[in-house]
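Report on one structure; see the data block that follows.
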Amino acid sequence: MIVLLAWAATRPAVRSLFVAPEQDAPAGPVEADYSSDGRYATTTQAVENPAGTARYQLFRPADYSRLGFLSPIVTWGVGTGGNPAQYSELLDHLASYGFTVIVPGQRNTGSGDEMAAAVRYLIAQAGTAGSVFHDRLDVGRVAAAGHSQGAGGAVRAAINNPTLIDTVVTFSLPSKTWAAANADCPTKSDCMFDLTQLRQPAFLVGTHGAFDSVIASAATERTFYNQVPGRAVLGLIESSGGKVADHNSVQDRDGSRGFLGYVTAWLCAELRGDPVAVAAFDGTRPELVGNANWPGSAAR
């Protein structure tokens with residue numbers, strides 16, 4: 001959805017709008033709790049649909065019998081030209097909390113179609129005797145999440161499948177200026193999205209970094225946040241692991257550690273009804289909004 005592959009690959013020296021501290025600001029209690037690894041051992045699994053036309057990478061609990069609950073589903077969209085391995089720290093972290101994360105193998109996911117198809121694949125597997133997923137998944141609790149082009153895909157998957165997707169999480173959702181035709185979107189309009197049509201709760205995560213100031217600025221993310229008709233949270237992170245947070249910081253190589261807590265808490269709140277996690281986003285002064293490392297955040 002965005003055509004900035006050269007930027008992401010070469011990483012030219014650009015001064016950030018912010019200078020990261022040597023350490024992140026102290027985490028809030030909810031953020032700290034959900035930044036810690038979950039209690040469940042995890043595994044990865046490569047699968048393909050029965051027709052052999054789509055390949056998926058899964059990050060999931062290693063033993064579903066240990067959960068004591070049905071595993072909610074998270075479908076993930078990679079950024080332009082990306083691959084599942086680039087997000088392994090975040091996605092494995094979610095699996096350690098009992099979520100089953102499925103990532104389409106395509107390197108462009110802006111249409112959101114393959115993200116929705118991935119959910120339907122897991123729903124079919126949950127009803128198939130002999131499958132590791134048989135009667136193990138909460139097929140009524142599903143999130144669409146993604147980074148950059150994949151963030152746009154997550155929004156589109158939710159808008160186009162309102163009975164399938166229950167909540168949305170975006171990381172650096174790009175300005176629509178960067179929408180373009182690609183292998184997944186025959187025309188630019190096939191990658192366009194309109195948050196005024198979104199009916200699910202949404203957590204929009206952005207940064208104050210230099211690359212994002214061009215691709216997905218804090219002002220752009222706030223505009224998107226204001227367009228969501230219903231429940232919405234805007235999270236703008238300043239630093240992650242002592243590094244300036246920027247467009248690709250959610251990926252392993254740039255240090256996604258600072259993103260883990262609130263994203264995990266959001267999914268636990270929305271898909272599992274976790275009352276502890278909800279405190280990060282609700283109330284007269286949500287923890288996220290008062291967090292010094294997340295300046296400019298908002299919730300409603």
| message | Taking ring pair (Phe, Tyr, Trp, His ring centres under 6.0 Å) as the definition, give me every residue that meets it alongside Tyr34, ordered by chain and number, with sequence neighbours left out. | response |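 Counting only residues at least two positions away or on another chain, Tyr34 forms a ring pair (Phe, Tyr, Trp, His ring centres under 6.0 Å) with Tyr97.
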| Of all residues at least two apart in sequence or in a different chain, which pass the salt bridge (charged side-chain N to carboxylate O under 4.0 Å, His left out) check with Arg55? |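 Arg55 satisfies salt bridge (charged side-chain N to carboxylate O under 4.0 Å, His left out) with Glu48 once adjacent residues are dropped.
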| Sequence neighbours excluded, which residues qualify as salt bridge (charged side-chain N to carboxylate O under 4.0 Å, His left out) partners of Asp63? |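 Scan of Asp63 (salt bridge (charged side-chain N to carboxylate O under 4.0 Å, His left out), adjacent residues dropped) gives Arg66.
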List in chain and number order the residues that pass side-chain contact (heavy atoms from CB on, under 4.5 Å) with [X], two or more places apart in sequence or in another chain; answer none if no residue qualifies.
{"X": "Thr187", "result": "Ser189, Asp190"}
{"X": "Arg141", "result": "Pro72, Asp138, Leu271"}
{"X": "Ala219", "result": "Ser217"}
{"X": "Tyr56", "result": "Val47, Asn49, Ala54, Ile102, Pro104, Ala117, Ala118, Tyr121"}

| said: Enumerate the disulfide bond (SG atoms under 2.5 Å apart) contacts for residues 96-189, please, sequence neighbours excluded, ordered by first and then second residue. | reply: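 The answer is Cys185-Cys191.
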| query | What pairs of residues pass the disulfide bond (SG atoms under 2.5 Å apart) test when at least one of them lies in residues 204-277, not counting sequence neighbours? | reply |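 Passing the test, one end in residues 204-277: no pairs.
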| About how many Å separate OG1 of Thr223 and CG of Leu173, when rounded to the nearest 0.5 Å? |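 Between Leu173 CG and Thr223 OG1, I get 11.0 Å after rounding to 0.5 Å.
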| query | Quick one: CD on Glu221 to CG on Asp212, what's the gap to the nearest 0.5 Å? | reply |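 Result: 7.0 Å between the selected atoms.
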| said: Closer than 3.5 angstrom, by distance alone: can the side chain of Arg156 be matched with the main-chain N or O of Ser111 as a donor-acceptor pair? | reply: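 The answer is yes, because a donor-acceptor pair under 3.5 Å joins these two groups.
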Using the salt bridge (charged side-chain N to carboxylate O under 4.0 Å, His left out) rule, collect all pairs that involve [range], keeping only residues at least two apart or in two chains.
{"range": "residues 106-119", "result": "none"}
{"range": "residues 29-44", "result": "Asp37-Arg257"}
{"range": "residues 271-283", "result": "Arg231-Asp282"}

| request: State which residue, out of Phe171, Phe224, Trp266, fulfils the ring pair (Phe, Tyr, Trp, His ring centres under 6.0 Å) condition with Phe203. | output: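 Single ring pair (Phe, Tyr, Trp, His ring centres under 6.0 Å) partner of Phe203 among Phe171, Phe224, Trp266: Trp266.
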| task | Given ring-ring contact (aromatic ring centres under 6.0 Å, His included), test Trp76 with Phe59 step by step and report yes or no. | result | CA-CA 10 Å; Trp76 177 266; Phe59 298 78; 9.4 Å; no
